[in-house]
Amino acid sequence: QVQLVESGGGLVQAGGSLRLSCAVSGRTFSRYVMSWYRQASGKDREAVAGISWTSIGRFYADSVKGRFTISRDNTKNTVYLQMNSLKPEDTAVYFCAAAPRITNWDNEYEYNDWGQGTQVTVSS
């Protein structure tokens with residue numbers, strides 16, 4: 001089991017950028033699949049981006065392709081989400097999630113561990 005702590009959220013104007021970080025405790029971080037999810041008020045949680053433990057596999061929701069970039073630094077036990085060209089519809093609580101192995105990166109039920117979330121608000 002690992003513990004995840006997100007940071008980097010905040011208020012930004014449309015068109016702006018933010019970088020989220022997720023610090024992970026646990027010796028086997030480098031072997032975990034890591035993903036970012038988000039949940040807007042009144043809506044279901046949705047997958048945003050995922051990354052394999054080698055960083056070779058990266059996955060994105062259609063709504064963020066070309067604007068968001070997921071990366072990881074296994075030496076720092078940290079996964080990042082660079083968010084550019086932000087839109088008001090990106091407003092949500094963003095969570096990072098970890099799993100030792102998955103079949104479908106966008107299936108939230110495959111993830112064992114979750115962070116507490118960080119709020120991202122994009123004003124128009």
Side-chain angles (χ1 to χ4, degrees):
Q1 190 172 7
V2 297
Q3 293 185 331
L4 299 83
V5 179
E6 302 95 335
S7 61
L11 174 64
V12 63
Q13 289 188 332
S17 298
L18 283 174
R19 189 176 81 154
L20 305 183
S21 298
C22 176
V24 183
S25 64
R27 297 180 180 178
T28 58
F29 167 78
S30 63
R31 297 290 181 174
Y32 275 73
V33 174
M34 300 296 301
S35 288
W36 287 95
Y37 278 71
R38 67 186 180 187
Q39 186 168 22
S41 181
K43 296 187 177 180
D44 293 335
R45 188 158 56 185
E46 63 174 349
V48 175
I51 188 168
S52 66
W53 65 272
T54 62
S55 297
I56 293 176
R58 305 190 193 205
F59 313 95
Y60 297 95
D62 288 343
S63 58
V64 306
K65 280 181 181 176
R67 299 188 298 121
F68 290 12
T69 302
I70 189 170
S71 62
R72 66 192 294 164
D73 185 338
N74 289 343
T75 66
K76 297 182 178 180
N77 281 15
T78 303
V79 62
Y80 304 98
L81 186 67
Q82 178 66 43
M83 305 186 295
N84 298 328
S85 302
L86 282 161
K87 305 175 181 179
E89 51 264 44
D90 295 318
T91 295
V93 178
Y94 283 70
F95 302 88
C96 63
R101 63 185 63 83
I102 57 171
T103 301
N104 298 303
W105 77 274
D106 56 353
N107 180 0
E108 64 178 295
Y109 298 105
E110 296 198 38
Y111 291 89
N112 308 84
D113 300 286
W114 294 82
Q116 83 290 347
T118 185
Q119 176 71 46
V120 172
T121 303
V122 185
S123 62
S124 57

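In this chain, residues are counted from 1 in sequence order.
Panel note: side chain Arg58, backbone Ile70; a donor-acceptor pair is recorded below 3.5 Å. Side-chain atoms of Tyr111 never come within 3.5 Å of backbone atoms of Val33 as a donor-acceptor pair (strictly under, hydrogens ignored). With Asn77 contributing its side chain and Val24 its backbone, the two residues share a donor-acceptor pair below 3.5 Å. Between the side chain of Glu6 and the backbone N or O of Leu20, no donor-acceptor pair lies under 3.5 Å. Listed for the Asn104 side chain is no donor-acceptor partner under 3.5 Å among the backbone atoms of Asp106.
By the 4.0 Å N-to-carboxylate-O rule, Lys65 lies close enough to Asp62 to be salt-bridged with it.
Within the 4.5 Å cutoff, the side chain of Glu108 has no heavy atoms near those of the Phe95 side chain. Residues Gln119 and Thr91 form a side-chain contact, since some pair of their non-hydrogen atoms from C-beta on lies under 4.5 Å apart. Under the 4.5 Å side-chain criterion, counting only non-hydrogen atoms from C-beta, Ile51 is not in contact with Trp105. Here the side chains of Pro100 and Arg31 are not in contact, with every heavy-atom distance at 4.5 Å or above. With contacts defined as side-chain heavy-atom distances shorter than 4.5 Å, the pair Arg38/Val120 does not qualify. Residues Met34 and Leu4 meet the side-chain proximity criterion, which asks for heavy atoms closer than 4.5 Å.
When every heavy atom of Ala40 is checked against every heavy atom of Ala92, the shortest pair comes out as N-CB, 3.7 Å. Arg72 and Trp53 make their closest contact through NH1-CA, 3.2 Å (heavy atoms, listed as atom of the first residue, atom of the second, distance). For the pair Ser21 and Thr78, the tightest heavy-atom approach, listed with the atom from each and the gap, is CB-CG2, 4.2 Å. Here the shortest heavy-atom pairing between Ala61 and Ala47 reads CB-O, 3.4 Å. Between Ser35 and Gly50, the shortest heavy-atom distance links the atoms OG-CA, 3.2 Å.
Val79 and Phe59 are not part of a single hydrophobic cluster, where members link through side-chain heavy atoms under 4.5 Å apart. Taken together through direct or relayed side-chain contacts under 4.5 Å among Ile, Leu, Val, Met, Phe, Trp and Tyr, Leu81 and Val12 form part of one hydrophobic cluster. Each of Tyr80 and Tyr32 belongs to its own hydrophobic cluster when Ile, Leu, Val, Met, Phe, Trp and Tyr are linked at side-chain heavy-atom distances under 4.5 angstrom.
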Original post:
Would Phe68 and Trp36 count as a ring-ring contact (aromatic ring centres under 6.0 Å, His included) if you check the C-alpha gap in whole Å, the side-chain angles of each, and the deciding distance to 0.1 Å?
Top reply: CA-CA 11 Å; Phe68 290 12; Trp36 287 95; 10.0 Å; no
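Here Ser7 contributes atom OG and Arg19 contributes atom CZ; the two are 9.0 Å apart, rounded to the nearest 0.5 Å. The CD atom of Gln82 lies 8.5 Å from the CG atom of Leu18; values are rounded to the nearest 0.5 Å.
Around the CD atom of Gln3, the shell of radius 6.0 Å holds no more than 12 heavy atoms that belong to other residues, nucleotides or ligands.
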